[in-house]
Amino acid sequence: MKRNRKISLFLITALFACGTLLMSACTKIPQEGSLAPDISYKNRKQYAISGLQQNIGNFQVSTSTLPLNFEIVEVRELNGLKTTALNENIPVVRYKEPIVGNETPAELLLKTDTVMTPAVSINQHTGQLEILEGNRIPAGEYHFDIRVANQSGGRVLKDALVIEFKEFEVKTWSAGMAKQPEIERVGDTPNQIKFVGYLNGTPLGGDQIDFTKDRAMGFKGTFVNDANDGEIWNVNFPVKEADTYCTWKITSSTGVVSYVSENFNFVIGLPGSYVIRLYK
């Protein structure tokens with residue numbers, strides 16, 4: 001009798017264990033991990049130059065479980081400008097083989113491939129926005145909604161990044177100038193810059209200002225001619241961080257000629273026709 005009670009107890013225990021296992025098999029076990037409530041980008045408002053390559057965004061993961069995954073959900077321009085330029089594909093040259101340095105143009109062509117790549121994308125692992133050189137994003141303020149996810153779930157961050165695009169910028173200018181140089185975009189073509197030098201508020205002819213043609217620094221271009229209202233150059237766009245020296249020809253009231261040079265650093269992203277005014 002005692003033996004039968006032991007067998008019954010064993011069977012009940014076994015059945016209970018099997019039932020527990022079956023219930024566990026039918027119940028979804030939640031994954032470990034969390035998405036911190038205070039995740040965000042450091043310095044949410046950023047600035048960019050249209051046409052230039054830039055990586056933007058320093059994401060603060062806080063106590064979130066890694067790895068994180070990032071995705072652009074929506075881009076808005078609050079002034080009503082179209083955002084299609086952010087989605088357009090741009091041809092990008094990729095190298096399929098290492099470059100030695102002495103390849104002929106034909107050999108280089110065999111080692112490269114051109115792929116169409118979105119002008120703006122997001123690195124799905126770091127959250128950085130990757131903006132390609134050659135983009136044609138109009139000046140404006142763009143708001144990015146970004147989804148952040150990990151193994152525990154996801155969340156959409158509204159206005160996670162706000163980027164103000166500008167077509168050009170004067171980075172620095174020498175104290176010897178009367179005021180900051182001015183850049184104006186006057187047309188889509190040709191790809192030229194007209195430099196207008198002002199002396200004591202009066203515009204000078206192109207033959208009275210000069211830029212060194214053979215220089216290690218400065219904008220990269222080809223001299224066209226001295227016009228009555230400035231000096232004209234064909235320029236390769238975009239213009240990147242160009243620390244450029246301009247020389248003014250100064251003639252005194254007694255006819256004595258002297259020359260004074262001042263420098264300024266500027267960037268221009270989009271191709272087109274520009275006027276840059278320099279004041280002395």
*Does the side chain to side chain contact (heavy atoms under 4.5 Å, CB included) test come out yes or no for Q46 and Q54, once each step is laid out?*
CA-CA 11 Å; Q46 296 282 334; Q54 291 148 109; over 6 Å; no
*Check the pair S34 / S152 against side-chain hydrogen bond (donor to acceptor under 3.5 Å, both in side chains), numbers first and verdict last.*
CA-CA 6 Å; S34 66; S152 67; 5.9 Å; no
*Evaluation steps, salt bridge (Lys or Arg N to Asp or Glu O under 4.0 Å), between K171 and E241*: CA-CA 8 Å; K171 306 287 286 188; E241 289 282 340; 3.6 Å; yes
*Let me see the working for K280 and E262 under salt bridge (Lys or Arg N to Asp or Glu O under 4.0 Å), right down to the final yes or no.*
CA-CA 9 Å; K280 182 65 183 171; E262 304 290 351; 2.6 Å; yes
*I would like to know whether V73 and I146 meet side chain to side chain contact (heavy atoms under 4.5 Å, CB included); could you show each step before the answer?*
CA-CA 5 Å; V73 176; I146 294 173; over 6 Å; no
*Could you walk me through whether L129 and I72 pass the side chain to side chain contact (heavy atoms under 4.5 Å, CB included) test, one step at a time?*
CA-CA 9 Å; L129 285 182; I72 298 174; 3.7 Å; yes
*Might you work through the side chain to side chain contact (heavy atoms under 4.5 Å, CB included) test for V235 and K220, ending with a clear yes or no?*
CA-CA 6 Å; V235 178; K220 306 305 179 187; over 6 Å; no
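Looking at heavy atoms from C-beta onward, T114 lies out of side-chain contact with V92 at the 4.5 angstrom threshold. Residues R136 and E88 form a side-chain contact, since some pair of their non-hydrogen atoms from C-beta on lies under 4.5 Å apart. No side-chain heavy atom of K249 sits under 4.5 Å from any side-chain heavy atom of I209. Between V148 and F59, some side-chain heavy-atom pair lies under the 4.5 Å cut-off. Side-chain contact between I49 and F168: absent, with no pair of heavy atoms (C-beta onward) separated by less than 4.5 Å. Counting only heavy atoms from C-beta outward, the side chains of I276 and L278 approach each other to under 4.5 Å. The shortest distance between side-chain heavy atoms of I122 and Q128 does not fall below 4.5 Å. Side-chain atoms of L110 and E97, non-hydrogen and from C-beta on, never get closer than 4.5 Å to each other.
With hydrophobic clusters built from ILVMFWY side chains whose heavy atoms lie under 4.5 angstrom apart, L199 does not share a cluster with V275. Linking Ile, Leu, Val, Met, Phe, Trp and Tyr whenever their side-chain heavy atoms come within less than 4.5 Å leaves Y198 and M177 in two separate clusters. L66 is connected to I39 through a chain of hydrophobic side-chain contacts under 4.5 Å among Ile, Leu, Val, Met, Phe, Trp and Tyr, so both are in one cluster. The cluster map of Ile, Leu, Val, Met, Phe, Trp and Tyr, joined by side-chain heavy atoms under 4.5 Å apart, puts V267 and I56 in different clusters. V120 and L161 end up in the same hydrophobic cluster when Ile, Leu, Val, Met, Phe, Trp and Tyr side chains are linked at under 4.5 Å.
Sorted by first and then second residue, the side chain to side chain donor-acceptor pair (under 3.5 Å) pairs involving residues 161-170 (not counting sequence neighbours) form an empty list.
The backbone N or O of P271 sits less than 3.5 Å from a side-chain atom of R185, completing a donor-acceptor pair. T112 places no side-chain N or O within donor-acceptor distance of the main-chain N or O of V93, the cut-off being under 3.5 Å. S64 places a side-chain N or O within donor-acceptor distance of the main-chain N or O of V61, the cut-off being under 3.5 Å. Judged by distance alone, the side chain of N228 and the main-chain N or O of G205 form no donor-acceptor pair under 3.5 Å. Side chain of N191 to backbone of G272: a donor-acceptor contact under 3.5 angstrom is found. Side-chain atoms of N135 come within 3.5 Å of backbone N or O of L132 as a donor-acceptor pair. N69 places no side-chain N or O within donor-acceptor distance of the main-chain N or O of A149, the cut-off being under 3.5 Å. R155 places no side-chain N or O within donor-acceptor distance of the main-chain N or O of R147, the cut-off being under 3.5 Å. Looking at D210, its side chain never comes within 3.5 Å of a backbone N or O of T247 through a donor-acceptor pair. A donor-acceptor pair is defined here as one N or O able to donate and one able to accept, closer than 3.5 Å; no such pair exists between the side chain of W248 and the backbone of Y279.
For the residue pair N265 and A242, the shortest heavy atom distance occurs at OD1-N, 3.1 Å. Considering all non-hydrogen atoms of both residues, G206 and D226 come closest at O-OD1, 3.0 Å. I163 and A48 make their closest contact through CG2-CB, 3.9 Å (heavy atoms, listed as atom of the first residue, atom of the second, distance). The two atoms that bring P203 and V196 nearest to each other are CB-CG1, 4.1 Å, heavy atoms only. I268 and I183 get closest at one heavy-atom pair: CD1-CG2, 4.2 Å. Of all the heavy atoms in G269 and P238, the pair that sits closest is O-CB, 3.4 Å.
No donor-acceptor contact under 3.5 angstrom links the side chains of T202 and N200, judged on distance only. With no hydrogens or angles considered, a side-chain donor-acceptor pair links S62 and D38 at under 3.5 Å. Side-chain contact of E141 with N79: a donor-acceptor pair under 3.5 Å is absent, judged by distance alone. The closest side-chain donor-acceptor pair between D243 and N263 falls under 3.5 angstrom.
Taken to the nearest 0.5 Å, the CD atom of E77 stands 9.5 Å off from the CG atom of L86. A distance of 11.0 Å separates CD of E184 from NZ of K194, quoted to the nearest 0.5 Å.
The environment of CZ in R76 is crowded: more than 12 heavy-atom neighbours from other residues, nucleotides or ligands sit within 6.0 Å. The number of heavy atoms from other shown groups lying within 6.0 Å of NZ (K42) does not exceed 12.
Listed by chain and residue number, H125, T126, E130 satisfy the side-chain contact (heavy atoms from CB on, under 4.5 Å) test with N123 (two or more places apart in sequence, or in another chain). Checked against salt bridge (charged side-chain N to carboxylate O under 4.0 Å, His left out), E107 has no partners two or more places apart in sequence or in another chain.
Within the 6.0 Å centre-distance limit, the rings of F211 and F195 are counted as a close aromatic pair. The distance between the ring centers of F219 and W233 falls below 6.0 angstrom. Outside the 6.0 Å centre-distance limit, the rings of F144 and Y142 are not counted as a close aromatic pair. Centroid-to-centroid, the aromatic rings of F165 and Y47 stay 6.0 Å apart or farther. When ring centroids are compared, F266 and Y274 stay outside the 6.0 Å threshold.
Taking a cutoff of 4.0 Å between a charged side-chain nitrogen and a carboxylate oxygen, D145 and K158 qualify as a salt bridge.
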